Colleague: 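This is the structure I have questions about; it appears just below.
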2 protein chains.
Amino acid sequence: MVGGPIGDPAFEDLTARARIRDAAIRLFAERGIDGTTVRDIAQEAGVSPGLLRHHFGSKEALREVCDAYALDRLVKIKEDLVFEGKVATPGFLPSVHPTIVLLYRYLTRALLDGSSGAAAMFDDMVTLSEQWISKHAPTVTEDYRAYAAVFVGMQSGMLAMHEHVSRALGVDIFTTEGHLRMAGALADFYSHPLLDPGFVTKARAAMEPLRAPNPPTATGTDPGAEGA
Amino acid sequence: MVGGPIGDPAFEDLTARARIRDAAIRLFAERGIDGTTVRDIAQEAGVSPGLLRHHFGSKEALREVCDAYALDRLVKIKEDLVFEGKVATPGFLPSVHPTIVLLYRYLTRALLDGSSGAAAMFDDMVTLSEQWISKHAPTVTEDYRAYAAVFVGMQSGMLAMHEHVSRALGVDIFTTEGHLRMAGALADFYSHPLLDPGFVTKARAAMEPLRAPNPPTATGTDPGAEGA
DNA sequence: TAGCTCACTATACGCTCATATAGTGCGGCC
DNA sequence: GGCCGCACTATATGAGCGTATAGTGAGCTA
């Protein structure tokens, strides 16, 4: 059963430790790491800030526990879904289980705030996508790795931009209604070519000169100017 | 050399006000608003924190100046490029002008950190994309608005994830080499359908039951197994 | 020369944060 | 019964932040 603390929390008789961890995941996902104080988390969990330190040692350690937990839980939920034979394309998942939405939001934040665990997950997803593409859609590109990296980056990036996508759509994409509208557009996006090949060929040709060893950005990143 | 102002302008003998603004844009883009202190900005600009207040009044006011400046400058640069008849598809731009990279990074950060100016720009881009699609690629979708919102969200979102995309690729997408590789994948992405229509139709059908007036956040019970 | 303006610096204030420590009540074990 | 261990709270500490203010010197005007 996919039942568990965070999504369908069921009951308030969780251990204080679990309540702190769940509150942290919720707040980190919403406000980011730096935007969340240990006091906020403690209040959300209904405990004192001191207890947080008692159980986790530090904010950073709590964050690592949250990372590991969110990753683990998401994997388990996905395994459940796969076993039940449900649609497993990442973009279609969030509507079926509120917990997934929360965990995705958390991991997206972790990606933006720089978590090593989330970064590893990103890399895994790229590798998985790469394999999937080379197996099921080998004709879409010659550079599987780049295609997969762009694919995963776009997918997770759109989640990071959910606030703006929702505003442009007039409906929150984390509600069922909003998600359906977004998923529909996504399906169109994945199944119909947007640009005609002629244009793309022309664009590629236009970019070609840049490939020369000419230094268009030879100055790169600040050699000398700043004082440390 | 690049220790100079922000793009082409040129020299280190800018007014202190301009140096502060440019330093702020650089640091805000790299570390985010909250991750940057006025002391950092002052040091990067080679002035005292007090001068920052003298010229801009507050950190928030400085940020608004940066927003307006970045927006304005990006528009001007794009106009220049259009006048010169260069490729104008957003994804292809960044390689040609280092300043564009910086400004895009800044605006992406502003989007994530919640700037009203950047949000307005996002909405403009969605509307522009919507018009472009309905005119030049009217067959890709029936929901132009959602398609455009997803498109812009993905595009800007990938920029937000640049660190991870770069790591997965093994090359920084803000260098010329990395950008070319990314742009190539993007071109493939836009010109070849990834999913076959049959699968998409099936996925749509699977989502259909969700469209019922079920309460999205109903607690206690799973909102039913998803079709199929 | 005197006097004014203003870009600019040095330093201090007040606040919030993560972290640290001291203290309390309660259940299990001999 | 008496003690120990542990979940838990209340409060203190020190660092770092944005902001505020007093002071300084160069350049202008008359």
Side-chain angles (χ1 to χ4, degrees), chain A residues 5 9 11-67 69 106 109-110 112-116 225-228, chain B residues 3 5 9 11-67 69 109-110 112-116:
Chain A
F11 297 100
E12 204 62 336
D13 34 36
L14 287 169
T15 65
R17 190 186 151 89
R19 274 184 299 147
I20 291 171
R21 187 236 296 128
D22 291 357
I25 289 183
R26 234 173 296 138
L27 293 182
F28 284 160
E30 259 172 48
R31 314 177 190 175
I33 309 292
D34 290 345
T36 305
T37 70
V38 299
R39 287 169 176 77
D40 291 340
I41 299 169
Q43 191 181 349
E44 175 93 358
V47 301
S48 78
L51 187 60
L52 199 145
R53 155 158 255 267
H54 173 69
H55 280 299
F56 298 95
S58 73
K59 187 186 183 182
E60 182 54 29
L62 168 59
R63 184 238 169 102
E64 277 165 28
V65 168
C66 290
D67 275 9
Y69 180 78
Y106 176 83
R109 270 292 192 180
L112 293 175
D113 290 350
S115 136
S116 59
E226 55 219 294
Chain B
F11 294 94
E12 197 66 340
D13 31 40
L14 283 172
T15 65
R17 189 186 152 90
R19 273 185 299 145
I20 291 171
R21 188 236 296 129
D22 291 356
I25 289 183
R26 235 174 296 143
L27 293 182
F28 284 160
E30 259 172 46
R31 315 177 188 174
I33 309 293
D34 290 344
T36 304
T37 71
V38 299
R39 285 169 177 77
D40 292 339
I41 299 170
Q43 191 182 345
E44 174 93 359
V47 301
S48 76
L51 188 60
L52 200 145
R53 154 159 256 267
H54 172 69
H55 280 300
F56 299 95
S58 73
K59 186 187 185 182
E60 182 55 30
L62 167 59
R63 182 236 169 101
E64 278 165 29
V65 169
C66 290
D67 275 9
Y69 180 77
R109 269 294 192 180
L112 293 174
D113 290 349
S115 135
S116 59

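Because only heavy atoms are used, hydrogens play no part in the values below, and waters and symmetry mates are left out as well, while side chains stay in. Fair warning: this is a prediction, and the values are worked out from it, not measured in the lab. Chain letters run A, B, ... following the sequence lines, proteins first and then strands; every chain starts at 1.
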Colleague: Examine the side chains of A:Y106 and A:D67 and answer whether a donor and an acceptor come within less than 3.5 Å of each other.
Modeller: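 Checked: A:Y106/A:D67 side chains pair up, N/O donor to acceptor below 3.5 Å.
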
Colleague: Taking N or O atoms only and anything under 3.5 Å, show me the protein contacts with nucleotides 4-11 of chain C, one pair per line.
Modeller:
{"from": "C:dA7", "atom 1": "OP2", "to": "B:H54", "atom 2": "NE2", "distance (Å)": "2.8"}
{"from": "C:dC8", "atom 1": "OP2", "to": "B:H55", "atom 2": "NE2", "distance (Å)": "3.1"}
{"from": "C:dT9", "atom 1": "OP2", "to": "B:S48", "atom 2": "N", "distance (Å)": "2.8"}
{"from": "C:dT9", "atom 1": "OP2", "to": "B:S48", "atom 2": "OG", "distance (Å)": "2.9"}

Colleague: Quick check for you: to the nearest 0.5 Å, what is the distance between B:C66 atom SG and B:I41 atom CD1?
Modeller: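 Output value for this atom pair is 7.0 Å.
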
Colleague: Before giving the answer on side chain to side chain contact (heavy atoms under 4.5 Å, CB included), spell out for A:I33 and A:R109 the whole-Å C-alpha distance, their side-chain angles and the decisive distance to 0.1 Å.
Modeller: CA-CA 8 Å; A:I33 309 292; A:R109 270 292 192 180; over 6 Å; no

Colleague: Quickly work out the B:D34 CG to C:dA18 P distance and round it to whole Å.
Modeller: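 In whole Å, C:dA18 P and B:D34 CG are 13 Å from each other.
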
Colleague: Looking at residues at least two apart in the chain, or sitting in another chain, which of them share a side-chain contact (heavy atoms from CB on, under 4.5 Å) with A:V47?
Modeller: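 Residues passing side-chain contact (heavy atoms from CB on, under 4.5 Å) with A:V47: A:A16, A:R19, A:I20, A:A42, A:A45, A:L51.
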
Colleague: Could B:R63 and B:F28 be counted as a cation-pi pair, given that NZ or CZ must be under 6.0 Å from the ring centre and within 45° of the axis?
Modeller: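 The answer is no, since B:R63 fails at least one limit relative to B:F28.
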
Colleague: Identify, residue by residue, the members of residues 35-44 of chain A with a heavy atom below 4.0 Å from DNA chain D, and return them in order of residue number, or none.
Modeller: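 The stretch gives none, as no residue of it lies under 4.0 Å from the strand.
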
Colleague: Might you point out which heavy atoms bring A:R17 and A:H55 nearest each other, and give the distance in Å?
Modeller: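 Smallest interatomic distance, heavy atoms only, reads NH1-O, 3.2 Å.
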
Colleague: Which residue pairs pass the side chain to side chain donor-acceptor pair (under 3.5 Å) test when at least one of the two sits in residues 27-36 of chain A, sequence neighbours left out?
Modeller: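 Found A:R31-A:D40.
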
Colleague: Nearest 0.5 angstrom please: B:S48 OG to B:R39 CZ, how far?
Modeller: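 So the OG of B:S48 and the CZ of B:R39 are separated by 11.0 Å.
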
Colleague: Which residues pass the salt bridge (charged side-chain N to carboxylate O under 4.0 Å, His left out) test with B:E64, sequence neighbours left out?
Modeller: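 Residues passing salt bridge (charged side-chain N to carboxylate O under 4.0 Å, His left out) with B:E64: none at all.
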
Colleague: Listed in order of residue number, which residues of residues 56-66 of chain A have a non-hydrogen atom at under 4.0 Å from DNA chain C?
Modeller: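 When residues 56-66 of chain A is checked for heavy atoms under 4.0 Å from DNA chain C, the hits, listed by number, are A:S58, A:K59.
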
Colleague: Using 0.5 Å steps for rounding, measure from the CD atom of B:E44 to the CD1 atom of B:I25.
Modeller: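 Output value for this atom pair is 12.0 Å.
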
